Structure formats: C-alpha cells, structure tokens
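What you see is a predicted model, and the numbers here were worked out from it, not measured in a lab.
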Amino acid sequence: MAGTQAADKKSVTFEATQYGTYTIAEHVRPFSDIAVHWAKDEIEVIAAHDLLHGKDSLDTFKPNDVITQAEFVSLLDRLTNSGKTWEQRIAEPGARNPITREKLVVLLAQALQADLSQVNASLGFKDEARISQDAKAAVAYAVSKGLIRGSDDNTFNPTGTSTRAQAAIILYRVLNQK
C-alpha cells in the first residue's frame with residue numbers, strides 16, 4: 001500500500017493493492033514544555049511511536065533533565081520490544097544515576113545487536129584517549145551510523161551526561177536509519 005499526503009497536509013490518499021479493511025490513525029502526544037524546544041519535532045515523533053512518555057505528568061517532557069540509566073534502557077526496551085519493564089529497570093544497580101555518554105552508546109549498540117567486530121575504532125575526537133577501551137568500538141559504531149555526534153569543539157565527552165531531549169534525538173535517528 002502506498003500513500004501520499006496533500007500539500008495542505010489536510011488529507012492523505014492511499015492506494016491499496018489488496019482487498020481489506022484499513023485504518024488510518026494519528027497518535028499525537030503533546031508536551032507543554034517543548035513548544036519552542038530545538039528537538040520538539042523529534043520528541044513528538046518518538047512520543048507518537050510510544051517510545052517515550054512524560055515526566056512528572058503526562059503533559060511535561062522535561063527535555064533538559066539529565067537522563068538516567070533506567071530511563072535510557074527503558075527507551076531501548078520499548079524500541080526493541082525486549083519485554084523488560086520500568087519496574088525491573090529502576091530496581092537495577094545504578095538505575096537512578098545519570099548515564100554517561102559512553103555507557104549510553106554501549107547500551108545502544110547492545111540493544112541494536114550491532115556487530116562491533118568490523119568497526120574501525122579510530123574516532124578523531126580530541127578526547128578520544130578518555131574513551132574507555134571497552135566503549136571505543138560502540139562509540140565508533142554509533143558515530144559512523146550518525147546516531148550520536150561529538151561537540152562543536154571535536155570532543156566526545158565520554159563521562160558527560162545527556163539530556164532527555166538528546167536521548168530522544170538518538171532514538172529518532174535510530175528509527176530513521178536506512
């Protein structure tokens with residue numbers, strides 16, 4: 001089945017090649033605190049896929065809050081349909097701690113079942129020596145796939161943290177991989 005959206009974005013036309021019953025649904029999850037946020041569109045797409053939820057209430061996302069280990073692995077669980085629940089994740093050691101950028105990337109590569117054996121671990125970041133040996137291949141994988149980037153000063157900041165908005169951007173990029 002193929003579909004096209006009208007230029008005015010008020011209608012969608014589908015041409016079905018088989019008989020059947022079809023449903024078109026729109027799932028919008030608005031958050032009151034991202035109206036002018038730089039990642040608004042990506043956050044809304046990820047929320048529409050039911051991969052992320054509000055924080056403290058259904059209508060607040062808190063995009064600038066630092067993401068914890070439990071929050072990030074829960075996002076990955078929803079993305080991969082792992083079957084793990086929030087209750088299981090929040091009970092794990094370190095669950096409430098902010099997740100470091102290198103650990104985030106390692107967990108992402110594991111969740112995506114990335115083959116890290118073929119990855120060139122040379123990154124070119126100024127702070128590459130600060131990235132742990134165990135994380136280098138995962139970082140190289142994520143960077144090569146465009147899932148995560150370094151900062152404007154060409155550093156990766158492996159022990160730094162990420163915000164909820166930055167994590168949403170990573171998931172958005174995963175969904176849009178070719």
If two hydrophobic side chains count as joined below 4.5 Å and joins carry through other members, does [X] share a cluster with [Y]?
X      : Y      : value
Ile131 : Leu107 : yes
Ile99  : Leu79  : yes
Leu75  : Ile169 : no
Leu116 : Leu123 : yes
Val66  : Ile43  : no

Selection residues 56-84 - residue pairs positive for ring-ring contact (aromatic ring centres under 6.0 Å, His included), sequence neighbours left out | Phe31-Phe61

With sequence neighbours left out, which residue pairs that include part of residues 126-161 fulfil the ring-ring contact (aromatic ring centres under 6.0 Å, His included) condition?
-> Phe125-Phe156

Can you tell me how far the [atom1] atom of [X] sits from the [atom2] atom of [Y], to the nearest 0.5 Å?
X      : Y      : atom1 : atom2 : value
Leu175 : His49  : CG    : NE2   : 5.0 Å
Gln69  : Thr100 : CD    : OG1   : 9.0 Å
His37  : Glu42  : NE2   : CD    : 10.0 Å
Ser132 : Lys103 : OG    : NZ    : 11.0 Å
Thr68  : Arg96  : OG1   : CZ    : 8.5 Å
Ile170 : Ile148 : CD1   : CD1   : 4.0 Å

Decide if atom NZ of Lys145 counts as having more than 12 heavy atoms of other residues, nucleotides or ligands within a radius under 6.0 Å.
-> no

Check the side chains of Asp59 and Ser57 for a donor-acceptor pair under 3.5 angstrom, ignoring hydrogens and angles.
-> yes

Could you verify whether a donor N or O on one side chain and an acceptor N or O on the other, from Asn157 and Thr155, lie under 3.5 Å apart?
-> no

Taking it one step at a time, do Glu44 and Lys40 satisfy side-chain contact (heavy atoms from CB on, under 4.5 Å)?
-> CA-CA 6 Å; Glu44 288 177 344; Lys40 175 188 184 298; 3.0 Å; yes

Nearest atoms (heavy-atom pairs only) where [X] meets [Y]:
X      : Y      : value
Arg78  : Leu52  : NH1-CA, 3.9 Å
Ala70  : Ile90  : CB-CD1, 3.8 Å
Arg164 : Gly54  : NH2-C, 4.1 Å
Gly124 : Asn154 : O-ND2, 2.9 Å
Ala137 : Val119 : O-CG1, 3.5 Å
Pro63  : Ile34  : CG-CG2, 3.8 Å

Only one of Leu112, Leu171, Leu104 passes side-chain contact (heavy atoms from CB on, under 4.5 Å) with Leu76; say which it is.
-> Leu171

Evaluate the criterion side-chain contact (heavy atoms from CB on, under 4.5 Å) for residue pair Glu128 and Val139; output intermediate values, then yes/no.
-> CA-CA 10 Å; Glu128 183 174 342; Val139 172; over 6 Å; no

Please lay out, stage by stage, how Gln166 and Ile67 fare under the test side-chain contact (heavy atoms from CB on, under 4.5 Å).
-> CA-CA 9 Å; Gln166 290 167 331; Ile67 193 159; over 6 Å; no

Between the side chain of Asp33 and the main-chain N/O of Thr60, is any donor-acceptor distance below 3.5 Å?
-> no

